[in-house]
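To start, I am sharing the structure in question, which I have written as structure tokens.
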Amino acid sequence: GAVVSQHPSRVICKSGTSVKIECRSLDFQATTMFWYRQFPKKSLMLMATSNEGSKATYEQGVEKDKFLINHASLTLSTLTVTSAHPEDSSFYICSASPRGTSVQETQYFGPGTRLLVL
Amino acid sequence: GENVEQHPSTLSVQEGDSAVIKCTYSDSASNYFPWYKQELGKRPQLIIDIRSNVGEKKDQRIAVTLNKTAKHFSLHITETQPEDSAVYFCAAGDSTLTFGKGTMLLVSP
């Protein structure tokens with residue numbers, strides 16, 4: 001149990017276009033999901049906390065209008081990178097827990113989405 | 001906000017040796033300290049965690065120690081095996097997590 005999926009696994013897009021990444025909890029309901037960004041050989045950086053039915057909570061320095069998060073159902077959160085630029089190229093990964101909304105519950109990570117902006 | 005430092009960035013050991021990875025944190029409000037293992041091309045997986053009301057926790061070959069006064073916590077892996085080779089991340093926080101930069105552990109047969 002506790003499987004988190006992401007789609008697509010990788011995407012290449014042109015500069016200026018928008019890209020949507022989906023994060024799904026396959027066998028549990030997740031009222032809270034976390035979105036991270038991971039640079040090559042670097043750590044995970046929390047971007048935002050996605051809350052079902054309400055606005056996401058963004059970390060300091062993360063542009064809300066650049067990284068749109070929508071958590072429309074209990075099993076799906078989407079991250080849209082708007083007007084993508086090469087510096088947005090990165091590995092985006094989400095996590096969620098079947099045990100509750102707190103990050104202190106065991107987090108299950110999605111497989112990640114590698115974004116390359118040309 | 002929280003700042004987590006992790007050392008070393010790379011660690012090479014022989015199979016059977018012990019490996020120790022250390023992290024320090026800055027925010028005294030942090031009360032949850034998980035460790036994740038990320039194999040190449042795969043997602044991070046929780047291997048062990050500790051909360052601030054506990055000083056040490058052990059799970060088979062893996063143990064974590066926490067010193068709240070000094071604001072540091074460590075991961076100890078005993079009897080290392082080649083399959084332990086991966087990047088290990090520490091994290092600290094309360095309602096959100098701040099991750100360390102990771103330690104690449106290489107266990108040679």
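Worth knowing before you read on, the calculation uses all heavy atoms, side chains too, and leaves out hydrogens, waters and symmetry mates. Order of the sequence lines sets the chain letters (A, B, ...), proteins ahead of strands, with each chain counted from 1.
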Chain A contact via B:Gln38 - side chain, backbone, both or neither, heavy atoms under 4.5 Å: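 Just its side chain gets close to chain A.
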Using 30° and 60° as the class limits, which term best fits the ring planes of B:Trp35 and B:Phe73: parallel, tilted or perpendicular?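 Taking B:Phe73 first and then B:Trp35, their aromatic rings stand perpendicular (interplane angle over 60°).
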Residues B:Thr98 and B:Glu2: side-chain donor-acceptor under 3.5 angstrom: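 Side chains of B:Thr98 and B:Glu2: no pair found under 3.5 Å.
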Between A:Thr49 and chain B, with a heavy-atom cut-off of 4.5 Å, which part of the residue counts as in contact: side chain, backbone, both or neither?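 When you check distances to chain B, only side chain atoms of A:Thr49 fall under 4.5 Å.
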Per-residue contact mode, B:Pro44 against chain A (heavy atom under 4.5 angstrom):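 B:Pro44 touches chain A through backbone and side-chain heavy atoms alike.
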Chain B heavy atoms under 4.5 Å from A:Leu44: which part of the residue, side chain, backbone, both or neither?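 For A:Leu44, backbone and side chain are both near chain B.
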Is the shortest side-chain N to carboxylate O distance from A:Glu22 to A:Arg24 below 4.0 Å?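 The answer is yes: the pair qualifies as a salt bridge.
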As an exercise: rank A:Phe91, A:Phe34, A:Tyr36 by heavy-atom pairs under 4.5 Å with chain B and give me the winner.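 Maximum pair count with chain B is reached by A:Tyr36.
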Answer with side chain, backbone, both or neither: which region of B:Thr96 has an atom nearer than 4.5 Å to a non-hydrogen atom of chain A?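 Interface part for B:Thr96: both.
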Can you tell me if B:Asp49 and A:Gln104 form a side-chain donor-acceptor pair at under 3.5 Å?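 B:Asp49 vs A:Gln104: no donor-acceptor pair found between side chains.
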Tell me, for A:Gln6 versus chain B, whether the close heavy atoms (under 4.5 Å) come from the side chain, the backbone, both or neither.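 Neither the backbone nor the side chain of A:Gln6 comes within 4.5 Å of chain B.
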Could you check if a side-chain atom of B:Tyr25 sits within less than 4.5 angstrom of a side-chain atom of B:Lys68, using non-hydrogen atoms only?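 Yes, at least one pair of side-chain atoms sits under 4.5 Å.
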With side chains defined as the heavy atoms from C-beta onward, is the minimum distance between B:Ile77 and B:Tyr88 less than 4.5 Å?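 In contact.
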Less than 4.5 Å to any heavy atom of chain B: does that hold for the side chain of A:Glu59, its backbone, both, or neither?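 For A:Glu59, side-chain heavy atoms alone lie under 4.5 Å from chain B.
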